[in-house]
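Everything on this sheet refers to the single structure shown next.
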Amino acid sequence: MSNEKDIAKSIRRAALKKNWRLFRRSKLGMIGLYIVIFFFFLSILQPILFVTGVWNKGVYDPVVGYSEQFQEFLVVECPTEYPTEKYKNRSDCPGRTEVNVRTLYYSDAEVGDYIIQNLQPAPPSSEHILGTDSLGRDVFSQIMEGSQVAFVLGLLSATLGVGISTILGTIAAFFGGKIDAYLMRQSDLILMLPTLPLLFIISAFAELQVWHLAVVLGTIGGLGGSVITIKSQALQVKVKPFVDSARITGGSQMNILFSHVLPNVAPLALLFMVFSVTGAIASESVLSFLGLLNIDMSWGLMIYLAQVEGFIFSGMKFWWLILPAGLSVTFLTGGFYLVGRGLDEVFNPRLRDR
Amino acid sequence: MENTLIEVKNLEKYFEVSSGLFSRNKAIVKAVDGISFNIPFGSSLGLVGQSGCGKTTTARALSLLDPKTGGDINFYNTETSSMQSIDELEGEELKKFRRNIQMIFQDPYESLNPRWNIKDIILEPLNIHNIGDLKDREEAVYEILKTVGLTPPENYMPRYPHELSGGQRQRVSIARTLIMKPKFVVCDEPTSMLDVSIRISIMDLMLNLAKDLEVSYLYITHDLAVARYMCDRIAVMFNGKIVEIAETEDLLNNPIHPYTKRLISSIPIPDPSHKRETYEVNFQELDSLIADNPNSGEMIEVSSNHFVATHDVKGIL
């Protein structure tokens, strides 16, 4: 029988290889996969850097770290009328390494002197490759922390949501009748609810932490539209002759449900899972951007801080406070979406050619 | 009758079709309307007729897949050596009884779970009924694969259905139905989706297995040639009723009912110069004739073992 096991193993490997080949053929899917792997690498890199001692926790901690950034400044006096020889308009003075004498009311330095000041937020340097924020915290470390949060939240809420919708959708298709009618009306109702305003209300009453948000998002997603889609897929499986054949043989309802119907809706459920990660990460960013989430650090919170401290309106002068976090949200959600598209090509019988 | 395996009396299967959510009048579709036949041990009955005449509905009712709405199905119980109505069976008894009846489906592409390998597919009935230990079951699968001609079995057991050809899949379905050693197998056009070159080998396999394992078939088809090859007797169905039932050769050579005549006259003959004389039947007239006749379910014996529905015999005899 060992011979048979070997064949089974090689066949399973061949099937995996074939699916991998189909996935690789979709360029978008591969791009998405690289993006997701990149962010996953970022999120596991931070703890490694702390443990190995490459990064000092006091300096690089994304929440309580502090990095002194002293720099020499030239004291100048900004003119009252523009343009002058040195400055074209008002926003050019003081320059990046200059300080206006009129704002130095606590010092007796004079025009032409050099004074040393603590510069926060500091632009990117070799020490902090994405600079620091206004409190002297390393932005790159914050990005890493944010990607940990995004992965935990996205995967947790997606798993929960898809688990709920797969079980409910299959039950609705399989038993039909009143159970089906109830579940479908319920998901219509939840589909109708606007998710974000609902989350605002919830966060007004309860202090939302990341895993709370994951549970709420997962439940709303799991009871909503995906139940209907999973049900339609399960209905297709239910009328297949192999289900009849199991029934003739005497298989019980539960037996048929778990061994025939569920395995055949699983690929669709996986697809839903990947797509719902995108929604979860985006909702988290919106909520923490609005300051409604009780969370230490996340990408949305970084943009929120930059906004409340006024850096968001200074053009691209303080780009390292806004761009890295904004692009991270965009790329990771986009990456998961593209992976979903790639998986669609593997699992969707309409798009599949083999 | 001592040697009757299954006896069907006035089997009825009606479907209710509601015309709207709040409307009270429900239309009733009489898919199978009072058919009777019996099948002796080891003999097979062919069921022929046009599309939508209720062949598959009969099959599904006989295999206890859908509940019948009327009539009796009696089955020979080997334990008590007497006929037993399937209505009396419930729970565990029913599950045990299901071992006796199996069904082979038309579409070999859909009748095997695409996510299971061949071994698991054939093992499923044994697992459901908890027969033997794991080693016995694997040996049984090995043997049955050899029997249906999928050799060497260890090459097929780990494969998935999509890796096999249509004919091989249908062999797997046959193996799956026969592993329980059933007495009665309902075949719903098992060869109609296979290509012609494979068809005959599958039919030979089924005939040999029937002889070896003493299985009776109810063979549904609309190909009279297939029915002639496979069956001892043929029943012709029309609009939910059996209109004629006889020994195969008797029916083909000496059809009495106009619908049977029409059916036989429409068999193509592979001769370009042959001028076909089709027997024309006004189906509407026939339909109303059946509907108007209160005794249309009754059959009369015109010669030995040759029964014809009464509604039309008046015109002939």
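Few gaps surround CZ on A:F23; more than 12 heavy atoms of other groups in view lie less than 6.0 Å from it. Annotation: A:F41, atom CZ; neighbour count of heavy atoms from other residues, nucleotides and ligands within 6.0 Å does not exceed 12. Counting non-hydrogen atoms of neighbouring residues, nucleotides and ligands closer than 6.0 angstrom, the CZ atom of A:F331 reaches no more than 12 such neighbours. Open room surrounds CD on B:E214; 12 or fewer heavy atoms of other groups in view lie less than 6.0 Å from it.
Contact annotation for B:R60: only side-chain heavy atoms (C-beta onward) come within less than 4.5 Å of a heavy atom of chain A. When heavy atoms are compared at a cutoff of 4.5 Å, A:S252 does not approach chain B at all. Looking at A:N255, only its side chain comes within 4.5 Å of chain B, counting heavy atoms on both sides. Heavy atoms closer than 4.5 Å to chain B are found nowhere in A:A266, neither backbone nor side chain.
Considering every non-hydrogen atom in both B:I128 and A:G251, the closest pair reads CD1-CA, 3.6 Å. Among all heavy-atom pairs drawn from B:R115 and A:P263, the shortest one is CD-O, 3.0 Å.
Contact annotation for residues 97-114 of chain B against chain A (heavy-atom separation below 4.5 Å, listed by residue number): B:R98, B:I101, B:Q102, B:M103, B:F105, B:E110, B:S111, B:L112, B:N113, B:P114. Applying a 4.5 Å heavy-atom cutoff, none of the residues of residues 181-190 of chain B approach chain A.
Chain A forms more heavy-atom pairs under 4.5 Å with one residue of B:E163, B:K96, B:M180 than with any other, namely B:E163.
The main-chain N or O of A:S259 is found under 3.5 Å from a side-chain atom of B:W116 such that the two form a donor-acceptor pair.
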Check the pair A:T249 / B:R176 against side chain to side chain contact (heavy atoms under 4.5 Å, CB included), numbers first and verdict last. CA-CA 10 Å; A:T249 313; B:R176 190 188 176 285; 3.5 Å; yes
